[in-house]
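Here's the structure we're looking at; comments come further down.
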Amino acid sequence: MNIQLLKVDFFTQPTLELAQNLLGKLLLKETTDGLASGWIVETEAYIGPGDRAAHSFGNRRTKRTEVMFGPPGYVYTYVMHTHCLVNVVSGKIGHPEAVLIRAIEPASGIELMYDRRGHEKKEKDLTNGPGKLTKALGITREDYGLPMFEPPLYIAEGRAVKDVQSGPRIGIENSGEAKEYPWRYWEAGNRFVSR
DNA sequence: ATAAAGATCATCT
DNA sequence: GATGATCTTTATC
């Protein structure tokens, strides 16, 4: 496989466009155990200032959301229920926007994923959810703030996506009107998409 | 006061 | 049984 890392300016496009263009891209993570990667098949956009569902809502700037205010192309990891979630920071400096990676399709290092997730599981269950893919790839809060265009955690050119669908996001029922925003994108027909 | 970390409970598989 | 942009508690500044 010829891995072609994405250029830095790929991340400078508008968040909603980036969320769509990330589909089909290859997400890679290198650890001491080896390399694991997968194609991104599902994403969600979070635009801080006007998005109640975002941690950076209302330009709330803290040490925790700090990375989202910085330049795009960086990793924003968040721990929830002992599970870890990954985001790709987007928007220019001062704009707390990010794209949540909800699901990927295993590409390489699959054995590694089975070791982390459990050999009895089906391939589909390895990465079809935010908390799942982070565990499968070995992404932890330690990866917070790392650049997404160089090892050990980075994104490269992947496959062309046939059809992109969009719709309301998931798991943010208590976010008021923001829950209606169709900022969730996924590859149509891909079985690795959650739900 | 703010941030990080661990837990609980409803929902889906 | 597993998962999840939450919630509560404790640690740090």
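Just so we're on the same page: letters track the sequence lines, and every chain starts at 1. Here the structure is a predicted model, which is why all the values come from computation and not from measurement. Side chains are part of it too, since the values below use all heavy atoms of this structure and drop only hydrogens, waters and symmetry mates.
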A:R64 CZ to C:dA5 P, in whole Å, measures 14 Å

Using distance alone, with no hydrogens and no angle criterion, decide if A:E105 and A:T127 have a side-chain donor and acceptor under 3.5 Å apart. no

The Watson-Crick or G-U wobble partner of B:dT13, with both key distances under 3.5 Å, is none

Complementary nucleotide for C:dA5 - Watson-Crick or wobble, under 3.5 Å: none

Ignoring backbone atoms, establish whether A:R61 has a side-chain N or O less than 4.0 Å from OP1 or OP2 of B:dT2. no

Tell me the interatomic distance from A:I47, atom CD1, to C:dA5, atom C1', rounded to whole angstroms. 15 Å

Restricting both atoms to N or O, compile the protein contacts to nucleotides 6-13 of chain B shorter than 3.5 Å, with distance only.
residue: B:dA7; atom: N6; partner: A:H81; partner atom: N; Å: 2.4

Here the distance between atom P of C:dG1 and atom NZ of A:K122, to the nearest Å, is 18 Å

Using the side-chain heavy atoms of A:A98, tell me which of these nucleotides is nearest: B:dA4, C:dA5, C:dA2. C:dA5

Side chains of A:T65 and A:S56: any donor to acceptor distance under 3.5 Å? no

Indicate, with a heavy-atom threshold strictly under 4.0 Å, whether A:Y144 touches base, sugar-phosphate, or nothing. nothing

Just how far, in rounded Å, is P of C:dA2 from CG of A:N128? 14 Å

Looking across every strand, which nucleic acid part, if any, lies under 4.0 Å from A:R117 by heavy atom: base, sugar-phosphate, or nothing? sugar-phosphate

A:Y76 and A:Y144 aromatic ring geometry - parallel, tilted or perpendicular at 30°/60° bounds: perpendicular

Looking only at side-chain N and O atoms, does A:T134 offer a donor or acceptor that is under 3.5 Å from a partner on A:R116? no

For A:K63 and C:dA11, give me the distance from atom NZ to atom P, rounded to whole Å. 17 Å

Roughly, in whole Å, what's the span from CG in A:L85 to P in B:dA4? 16 Å

Hydrogens and angles aside, do A:K132 and A:N128 bring a side-chain donor and acceptor to less than 3.5 Å of each other? yes

Taking atom types as modelled, find out whether A:Y114 and A:E120 have a side-chain donor-acceptor pair closer than 3.5 angstrom. no

Looking only at C:dG4, C:dA5, B:dA5, the nucleotide nearest the A:R141 side chain is B:dA5

A:N87 CG to C:dG4 C1', straight-line distance once rounded to whole Å: 14 Å

A:E42 has an atom CD; how far is it from atom P of C:dG4, in whole Å? 10 Å

Applying a 3.5 Å limit to both distances, which nucleotide forms a Watson-Crick or G-U wobble pair with B:dT8? none

Would you call the rings of A:H55 and A:Y78 parallel, tilted or perpendicular, where under 30° means parallel and over 60° means perpendicular? tilted

